[in-house]
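Pasting a structure below so you can have a look.
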Amino acid sequence: MALEARAKTRSLTGLALGVLALACSIAPSDAAAVRHSPSQKPSHLPPVRHLPYPQLELPFQINGGQYAPVAWTEIAGWSEDDHLAAYKAFRTSCKPIAAQQKPPADPKALGTSLRDPCRIARGLELSDGVKARAFFEAHFLPLRISRLGEGEGFVTGYYEPIVDGSRTENEVYKVPVYRRPSNLFVRGTTQSSAGLPNKGQVFRKIGRRKLVPYYDRAEIEDGAIAGRGLEICWLKDQTDLLFSQIQGSARVSLDDGSTLRINYDAHNGFPYTPVGRILIERNIIPKDQMSMQKIRDWMEQNPNEADELRRQNKSYVFFREVQLSDKDEAVGAQGVPLTPGRSIAVDKSLHVYGTPFFIEGELPIESERSKTSFRRLMIAQDTGSAIVGPARADLYFGAGLDAGKVSGRLRHNARFVILVPKSLDPVARGRKMPVPDERPSAMIAKLFPQTDPLKDASKDPKNAGKPSDVTAATNARPAMQATTSSAAGPSPAPAVQAAVAEPVPLPEPRPNVEAVSAKPQPRHLRRYRHHR
């Protein structure tokens, strides 16, 4: 009985030791499972950014420009303006805009967004300034706009000259006004195109294929295209022709008592050089006294020097005859009649015809030295080769000598507010834009430098022609592309690019995990042999 009891005791002791060892081996893994369970993850981990970012609709962008939303009450002079006059000019621009059914995609900032307010305006015959103001405030948003890094824009003035002329050449009228020559060629246009671009390259066709630059002003004045039947009429002197070309249109009072209207049709491809700037650089006319009338007076007093000065401007404009009466205003580049005091010429590459601009400044309207408060809503209906920039405008003042005097002395800074259709609200679009990632620390940026492959290629002419294999999101070579290239075998080209160190993408931010107790060390059980 004693031996049997001793055997049972030994078996129970061994079983207890086995259970204890099993419990010790299981306990750490269970604790680890608890620590890494989803319910125990820290709640403050930053969200994971998936690159590239989703394609969201960006707020509209104007090249070289900056803009900021403003309230209507923050626009000085807005409530005092004659909004009905601006509304009538806007409806004139809306006629061709609202008639468009399927216009082509427009890369400009406003694109085709003016169609909606224009279609509404075409159906509203307003006769009250209060209602006209309510229309603009209901369908547009004001944005103060200027060139990047500047606070103000720049304005000049233009008008329609009235000059004397004749249908036939004689001793008094011997300066020809040319129509567009048949050998003048602009890529992407035909001879049937009504009005060619006022910027860009212009060629002269020789034969069927050869293209060379067109004649400059000096060559044309010396008779390069004379005797080809291109003469529309003749003027008294070259100064009248020069100012008509600068303004882009003219009313010619013919010697038979009738009036001939001419408009811009093409140019010879040379950039416009202001003769007034040359007179300022030569210290002939002070900058603060410069005006068109000063230029005309100097040319009349110095005819020989005027020929040399005029030829410094190699640009030359060709005209077309338009069927307008004496009471009709000149037609702008949009194809609609201009409104004196409400129409402006803008940069066609940036802005859309029909766009309203509120312009505010102190301008010499009443006299050369006066500072007349100019606060007026204007409509973009024309363009010009010298009108460049997001906040640059040429103010149209009508026809005749008085309009010429006012416009000729305008070269002043002014503040611009562009009216944008509400469908392009940049503030609403900006709320959907993702916030950029936090800037990495200096240590991380030093350990993982980011490179721009385009700039690196421009610095290293040897690698300038090599294609870039770097993605825009991570600046790293895509793994799939590298695998495909290696699997495709060696390139048939004799020159193989050497392996270079690829830029390393920045690591994901390290989460702050709560401190946990150290994993317990396994217990080593020693067995002692009992000697009996």
Side-chain angles (χ1 to χ4, degrees), residues 158-186 189-198 202-205 214-270 272 296 299 307 310-311 313-333 335 337-338 382-385 398-401 403-404:
Y158 74 113
Y159 72 110
E160 187 180 20
I162 300 178
V163 296
D164 296 330
S166 174
R167 284 282 190 181
T168 59
E169 183 181 11
N170 52 51
E171 295 181 356
V172 178
Y173 304 102
K174 46 191 176 182
V175 177
V177 176
Y178 289 118
R179 62 174 51 89
R180 186 202 311 174
S182 59
N183 64 344
L184 187 147
F185 176 75
V186 178
T189 63
T190 62
Q191 281 296 323
S192 60
S193 301
L196 298 183
N198 57 5
V202 176
F203 302 96
R204 175 167 55 94
K205 271 189 175 182
Y214 208 81
Y215 302 114
D216 64 11
R217 175 177 293 275
E219 294 172 319
I220 295 175
E221 288 185 359
D222 291 340
I225 59 176
R228 295 174 50 186
L230 300 174
E231 296 82 3
I232 299 176
C233 61
W234 278 262
L235 305 181
K236 284 184 177 181
D237 53 52
Q238 291 286 356
T239 303
D240 286 340
L241 176 61
L242 174 65
F243 277 84
S244 300
Q245 291 175 328
I246 292 174
Q247 304 305 316
S249 64
R251 303 186 186 193
V252 183
S253 298
L254 300 176
D255 51 2
D256 60 1
S258 62
T259 301
L260 172 67
R261 304 292 294 274
I262 56 176
N263 255 32
Y264 170 91
D265 193 39
H267 75 120
N268 64 341
F270 289 89
Y272 169 72
R296 179 181 286 276
M299 286 185 168
D307 290 341
R310 189 177 58 252
R311 293 182 177 216
N313 176 29
K314 296 183 178 182
S315 176
Y316 196 92
V317 170
F318 302 99
F319 292 94
R320 59 186 171 90
E321 184 176 351
V322 291
Q323 303 300 321
L324 295 174
S325 66
D326 293 344
K327 298 181 181 179
D328 295 328
E329 289 294 337
V331 176
L338 301 177
D382 205 355
T383 188
S385 59
L401 183 61

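All values below were derived from every heavy atom in this structure, side-chain atoms included, with hydrogens, water molecules and symmetry-related copies excluded.
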From CA spacing to verdict: side-chain contact (heavy atoms from CB on, under 4.5 Å), I232, V252: CA-CA 11 Å; I232 299 176; V252 183; over 6 Å; no
In the structure I gave you, are the side-chain heavy atoms of I246 and N313 within less than 4.5 Å of one another anywhere?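 Side chain of I246 against side chain of N313, heavy atoms only: no contact under 4.5 Å found.
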Using a strict 4.0 Å threshold on nitrogen-to-oxygen distance, state whether R311 and D222 make a salt bridge. yes
Where S249 and A330 come nearest, the two heavy atoms and their spacing: OG-CB, 3.9 Å
Just so I know, are the side chains of Y173 and K236 near enough to count as touching, which here means a heavy-atom distance under 4.5 Å?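 Contact flag for Y173/K236 side chains = yes.
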Could you check whether any side-chain N or O of R251 sits under 3.5 Å from a backbone N or O of D326, counting only pairs where one atom can act as donor and the other as acceptor? yes
Is there a donor-acceptor pair closer than 3.5 Å between any side-chain N or O of R217 and the backbone N or O of S315? yes
If the plane angle is over 60° it's perpendicular, under 30° parallel, otherwise tilted; pick one for F203 and F185. tilted
Against Y215, only a single residue in N268, I225, L184 fulfils side chain to side chain contact (heavy atoms under 4.5 Å, CB included); can you say which?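 The option that passes is I225.
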Taking C-beta and beyond as the side chain, do Y158 and D382 meet within less than 4.5 Å on heavy atoms? yes
Without swapping roles, check the side chain of Q247 against the backbone of Y159 for a donor-acceptor pair under 3.5 Å.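 Yes; at least one donor-acceptor contact below 3.5 Å.
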Considering all heavy atoms, the nearest A333-T383 contact: CB-CG2, 3.8 Å
Among E231, E169, E221, find the one that has a side chain to side chain contact (heavy atoms under 4.5 Å, CB included) with P176.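 So, applying the side chain to side chain contact (heavy atoms under 4.5 Å, CB included) to P176 and each of E231, E169, E221, only E231 qualifies.
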Just so I know, are the side chains of V331 and R261 near enough to count as touching, which here means a heavy-atom distance under 4.5 Å?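 No, every pair of side-chain atoms sits at 4.5 Å or beyond.
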Can you tell me how far apart OH (Y316) and OH (Y178) are? Round to the nearest 0.5 Å.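 Interatomic distance, Y316 OH to Y178 OH, rounded to 0.5 Å: 6.0 Å.
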Roughly how far apart are L235 CG and K174 NZ, rounded to 0.5 Å?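 These two atoms lie 13.0 Å from each other.
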Distance col, row R179:CZ vs F319:CZ, nearest 0.5 angstrom, shows 13.0 Å
Spacing of I262 atom CD1 and E160 atom CD [to the nearest 0.5 Å]: 9.0 Å
Does N170 reach the side chain of D255, with side-chain heavy atoms less than 4.5 Å apart?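 N170 reaches D255 side chain to side chain.
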Contact between L241 and V177 at the side-chain level, heavy atoms closer than 4.5 Å - yes or no?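 Yes, at least one pair of side-chain atoms sits under 4.5 Å.
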Any donor and acceptor pair, going by atom type alone, linking the side chain of E219 with main-chain N or O of D216 inside 3.5 Å?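 Side chain of E219 to backbone of D216, a donor-acceptor pair under 3.5 Å: yes, one is there.
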Hey, what do you get for CG (L338) to CD (E329), rounding to the nearest 0.5 Å?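 Going from the CG atom of L338 to the CD atom of E329 covers 7.5 Å.
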Which atom names give the shortest non-hydrogen contact between C233 and L260, and what distance separates them? SG-CD2, 3.8 Å
Any chance you could measure R296, atom CZ, to L242, atom CG, to the nearest 0.5 Å? 9.0 Å
For the pair R310 (side chain) and M299 (backbone), establish whether a donor and an acceptor sit closer than 3.5 Å, ignoring hydrogens and angles.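 Pair absent, no side-chain N/O of R310 close to backbone of M299.
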Between W234 and V172, is there a side-chain heavy-atom distance shorter than 4.5 Å?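 A side-chain contact is absent here, since even the closest heavy-atom pair is not under 4.5 Å.
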Considering only heavy atoms from C-beta outward, does the side chain of S244 approach that of V163 to under 4.5 Å?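 In contact.
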